[in-house]
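First the structure, in the form of structure tokens, and then the observations on it.
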Amino acid sequence: MRVGFGVLGPVVAWDRDADGRAIALKGPRHRAVLARLIVARRRVVPVSRLVEDLWTAPPPGAVGAVRTFVAALRRALEPDRPPRAPARLLVTEGPGYALRADADAVDAWRFEQDVAAAATLPPDGALPRLEEALGRWRGPAYAEFADEGWARGERSRLAELRLHAVERQAEARLALGRAAEAVPDLEAHLAEHPWREGAWRALALALYRTGRQGDALAVLRRARTLLVEQLGLDPGPELRRLESDILAQAPHLAPATARGGGAAQVWADAAAAYDRTVASGARTRLESTVGLLRDLSMTGGGGLLTARRQRVAAVAAAEELGDPELTARVIGAYDVPAIWTRLDDPEQAATIVAAAERTLAALAAGLEAPDDRLPGVEPPDHGEPSGQTPDQESADHEAPGHETTGHEAPHHKEPDHTAPDHKPTGHGTPDPGPSEPEVTGHGTPGPGPSEPEAPGHKAPGRGAPHRKEPDHAGHETTGHGTSGPRPSEPEAPGHEDHGHEATGRGATAHEAPGRVAPGHADTGHGAPRRGASGHGVGGREVTGWWASGPEAVGRGSSAPGGDGRGAPGHSTFGRGTAGEAATRHDAIRARLLATVAVESRGGHSGRGRQAARQAEEIARRLDDPALLAFALNGVFMQSFDRAGLAPRRDATGAELIALSARHGLVAFEVLGHLIRLQARSALADFASADRHAAAAERLGERHERPLVRVFTEWYRALRLAATGRADEAEAAYRDAATRLDGAGMPGLERGLLPLALLCLRVERGRPAPTDPDLDWGPYAPWARPLVLLARDRRAEAAAALRTVPEPPRDLLLEALWCLTGRAAIALGDRETMARARTALAPAAAELAGAGSGLLTLGPVSLHLADLGG
């Protein structure tokens with residue numbers, strides 16, 4: 001049960017998973033204990049302090065009474081907790097108690113987050129955040145405890161923040177041309193708080209903009225009289241200036257020139273027209289809503305949290321209508337790029353995956369198409385670990401983008417029951433029929449001349465017949481007149497400066513790095529590739545970032561100008577009506593499969609990897625760049641089945657950058673740079689990682705993606721740690737952690753700072769931090785043995801080590817195995833040492849944890865040596 005808490009009014013609690021069902025909190029002292037812990041903001045409150053706060057003259061047995069109150073609260077808040085199991089929410093730490101509520105679980109905390117986020121947004125983004133924030137208030141904060149000294153300061157602070165939010169809301173309405181809406185709220189606001197000059201100014205301006213010039217001047221006179229007579233003060237300069245401007249009917253007071261300008265007015269007019277003309281129950285509204293939610297997710301903070309929550313509601317509403325294709329479009333339209341591999345809300349993700357699977361089954365039943373959930377139609381396994389050594393896998397794996405002709409691949413290709421006529425790809429290679437197995441690879445550009453080759457790259461010449469061997473100068477003749485990367489270019493084309501600045505670097509007059517002539521797709525080696533031609537952009541680009549996320553970057557968190565947008569999965573192929581229907585159906589299926597892959601990240605089930613491969617195969621066959629970008633996001637999310645796969649992810653990121661730069665998919669271009677930042681960090685290539693961090697930041701600033709800097713600031717802290725500047729790294733980590741507050745990514749936020757600091761200590765051979773206030777979040781099982789060792793509690797540490805689970809298959813896989821290995825070494829647990837050594841061996845050439853782009857434990861090879869490898 002996820003519990004929510006309300007203090008903006010009477011103190012209450014509710015079950016967030018049961019439509020807000022109220023939780024009984026018993027008597028006033030129980031609520032007082034809960035309120036006091038909420039005021040402490042996750043910090044420990046000693047029992048002695050609770051006694052002092054609850055009673056003016058504590059009675060005998062007061063300490064026991066407090067413990068009784070806490071026990072009753074625990075039973076109410078965690079009714080399913082087994083007997084004697086440690087509390088998860090209201091915990092005992094040291095001399096007292098702490099409430100470990102999530103950042104979005106307390107209405108006052110969410111209110112503060114929304115108000116802070118609104119201050120950084122333009123009016124059209126700030127207004128909904130402020131309206132939602134103010135809607136959380138049910139009365140005075142901590143209403144039952146107005147006379148308690150421990151609540152007084154917090155009540156005053158929240159009340160002042162609310163007044164500020166009301167005035168900021170009025171300013172946003174004025175900027176958006178909605179002056180009439182601002183008047184009633186401002187009148188009520190000033191009736192209770194007549195000394196706030198900013199509110200008088202906003203009310204006068206709102207009246208003026210609704211054509212009530214006389215009323216506006218009367219309001220200013222009323223303000224002057226009140227200030228002079230009651231306080232003996234003249235109005236401030238802003239009020240005096242506004243009065244003069246209204247008398248002169250100054251042009252700058254007109255709505256179109258208010259803050260937000262013409263763009264704000266266009267938004268207001270268009271939104272009003274949509275509301276008037278599109279019926280409230282129209283299906284169009286549902287699909288439009290998902291597009292808005294996708295855009296909202298790019299804002300981070302409360303916007304991202306709201307987008308995810310409303311996304312589930314939108315999917316449920318679509319399913320209620322009983323139209324599988326509509327449901328598929330609603331699910332697939334939220335193709336928000338994800339970079340962080342730990343889910344922000346596992347239950348929510350599971351709900352989306354279940355809906356996607358139901359919709360896939362319904363589509364299959366309705367069109368007699370293959371059921372994508374069945375293992376018998378699993379597409380080629382071109383990205384799974386083979387059980388070989390890394391060297392063997394590197395030598396035998398097909399290069400991304402290289403296709404076998406059918407006789408080389410033992411895998412079974414998913415049959416295409418929906419398209420009986422297989423159209424040539426346009427590159428001289430026919431699209432194989434259902435009986436012709438095919439390995440598609442990832443289609444990713446290879447590394448530049450200065451970067452190590454990614455595992456999975458195979459010598460050219462074994463693929464499709466149109467490929468030709470590269471010449472000794474590093475160019476590859478393709479038959480299309482395009483050439484591969486020059487020896488002087490340190491990275492694959494298009495992997496660096498995608499703001500489309502001046503190209504230079506030896507590009508021809510018609511070909512910038514990362515681009516190709518119209519009609520030719522660039523694989524990164526200069527050869528055309530199926531699934532990425534420069535003509536015909538189908539689908540749409542995602543606008544929003546983190547389904548984490550991480551979960552969270554784009555408008556693309558992502559929708560900038562120039563993004564390729566159309567109906568999801570729609571593309572033009574010149575096939576006739578039946579072919580177009582089959583193509584549309586395949587594109588819809590691919591979006592559902594990509595959704596399953598992205599929302600199944602971090603797990604041990606093979607379903608996510610299967611879905612990623614199927615989505616990629618369909619996207620390449622349909623030659624749909626936007627769909628392929630989304631599918632590659634799923635491929636990335638499912639590329640953590642073992643350690644040491646940074647080179648493979650590097651290749652995926654390279655393809656995303658090149659593909660997205662060609663087709664204006666800004667969100668996925670940013671994603672590609674962040675993926676390569678992570679991968680190059682794992683490979684200790686910080687020069688390349690620096691370039692990708694800078695490129696991602698340029699795109700983030702240009703296209704208003706605030707979450708990009710969350711990741712690049714953490715990367716810079718990692719870089720300090722990896723170069724031996726531990727003290728600077730610790731300070732940088734603490735600064736970077738502040739960017740996570742209110743970013744809307746609890747799956748990234750919880751426990752990350754303590755984990756980073758632990759890694760710094762372990763790498764320097766120092767004991768783990770033992771501060772009882774540290775919130776280890778989801779990383780507690782891997783930190784606990786080391787923390788207990790630092791407290792010299794070896795027996796407990798050994799017991800904790802025996803219960804440590806296998807790390808999730810995500811960006812911190814290697815780091816968590818290294819922590820397990822260090823604890824095993826300290827305790828002499830040879831069985832666990834052997835397990836850690838086996839798991840880490842494929843990553844011997846990488847920096848442990850650096851593939852996350854966030855933290856590191858140094859070279860894996862050093863850990864392997866200590867483990868006996």
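Remember, predicted model here, so these are calculated numbers, not experimental data.
Pro237 places a side-chain heavy atom less than 4.5 Å from the side chain of Arg240. Between Glu697 and Phe711 there is no side-chain heavy-atom pair separated by less than 4.5 Å. With a 4.5 Å cut-off on side-chain heavy atoms, Leu304 and Leu707 count as touching. Under the 4.5 Å side-chain criterion, counting only non-hydrogen atoms from C-beta, Gln169 is in contact with Leu134. Considering only heavy atoms from C-beta on, Pro235 stays 4.5 Å or farther from Trp200 through its side chain.
Judged by distance alone, the side chain of Arg209 and the main-chain N or O of Leu174 form a donor-acceptor pair under 3.5 Å. Panel note: side chain Glu287, backbone Val330; no donor-acceptor pair is recorded below 3.5 Å. Looking only at distances, a side-chain donor or acceptor of Gln113 sits under 3.5 Å from a matching main-chain atom of Ala103. Remark: the backbone N or O of Leu54 is paired with a side-chain donor or acceptor of Arg29 at under 3.5 angstrom. The closest donor-acceptor contact from the side chain of Arg152 to the backbone of Asp147 lies under 3.5 Å. In terms of modelled atom types and a separation under 3.5 Å, the side chain of Asp775 and the main chain of Gly777 share a donor-acceptor contact.
In this structure, Phe5 has its ring center no closer than 6.0 Å to that of Trp109.
Using cut-offs of 30° and 60° on the angle between ring planes, the pair Tyr733 and Trp714 is tilted. The aromatic rings of Trp150 and Phe145 sit tilted, their planes meeting at an angle between 30° and 60°.
Nearest heavy-atom pair, Ala101 versus Val106, reported as atom, atom and distance to 0.1 Å: CB-CG2, 4.2 Å. The shortest non-hydrogen separation linking Ala118 to Ala126 is O-CB, 3.5 Å. Here the closest non-hydrogen pair linking Asp107 and Leu8 is OD2-N, 3.3 Å. Summarising the geometry of Arg178 relative to Leu127, their closest heavy-atom pair is NH1-CD2, 3.3 Å, with the distance given to 0.1 Å. Minimum interatomic distance between Tyr142 and Ile38 (heavy atoms only, all atoms of both residues): OH-CG2, 3.4 Å. For Val3 against Ala105, the heavy-atom pair with the smallest separation is O-CB, 3.6 Å.
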Exercise for review: Walk me through it: do Leu748 and Val710 pass the test side chain to side chain contact (heavy atoms under 4.5 Å, CB included)?
Suggested key: CA-CA 10 Å; Leu748 179 63; Val710 171; 4.2 Å; yes
Practice item. For side chain to side chain contact (heavy atoms under 4.5 Å, CB included), just list the numbers for Val11 and Glu144, CA-CA rounded to whole Å, side-chain angles, deciding distance to a tenth of an Å, and then say yes or no. Key: CA-CA 7 Å; Val11 175; Glu144 301 161 87; 3.6 Å; yes
Check your understanding: Does the pair Gln310 and Thr289 meet the rule for a side chain to side chain donor-acceptor pair (under 3.5 Å), with working shown?
Key -> CA-CA 9 Å; Gln310 294 302 321; Thr289 298; over 6 Å; no
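A salt bridge does not link Glu704 with Arg709: every distance from a Lys NZ or Arg NE/NH1/NH2 to an Asp or Glu carboxylate oxygen is 4.0 Å or more. Salt bridge annotation for Glu167-Arg173: absent, with no cationic side-chain nitrogen under 4.0 angstrom from a carboxylate oxygen. A salt bridge between Arg221 and Glu243 is absent, with no side-chain N of the basic residue lying under 4.0 Å from a carboxylate O of the acidic one. Electrostatic pairing of Arg224 and Asp234 does not count as a salt bridge here, judged by no charged N lying under 4.0 Å from a carboxylate O.
Within 6.0 Å of the CZ atom in Arg100, the count of heavy atoms belonging to other residues, nucleotides or ligands exceeds 12.
None of Arg136, Arg129, Arg157 except one satisfies the salt bridge (Lys or Arg N to Asp or Glu O under 4.0 Å) rule with Glu112; the exception is Arg157. When the options Asp15, Asp345, Asp102 are evaluated for a salt bridge (Lys or Arg N to Asp or Glu O under 4.0 Å) with Arg2, the one that passes is Asp345. Among the candidates Leu207, Leu205, Leu253, the single residue satisfying the side-chain contact (heavy atoms from CB on, under 4.5 Å) test with Ile246 is Leu253.
Here Glu197 pairs with Leu227, Leu239 under the side-chain contact (heavy atoms from CB on, under 4.5 Å) rule; sequence neighbours left out. Shown here are the side chain to side chain donor-acceptor pair (under 3.5 Å) partners of Arg162, two or more places apart in sequence or in another chain: there are none.
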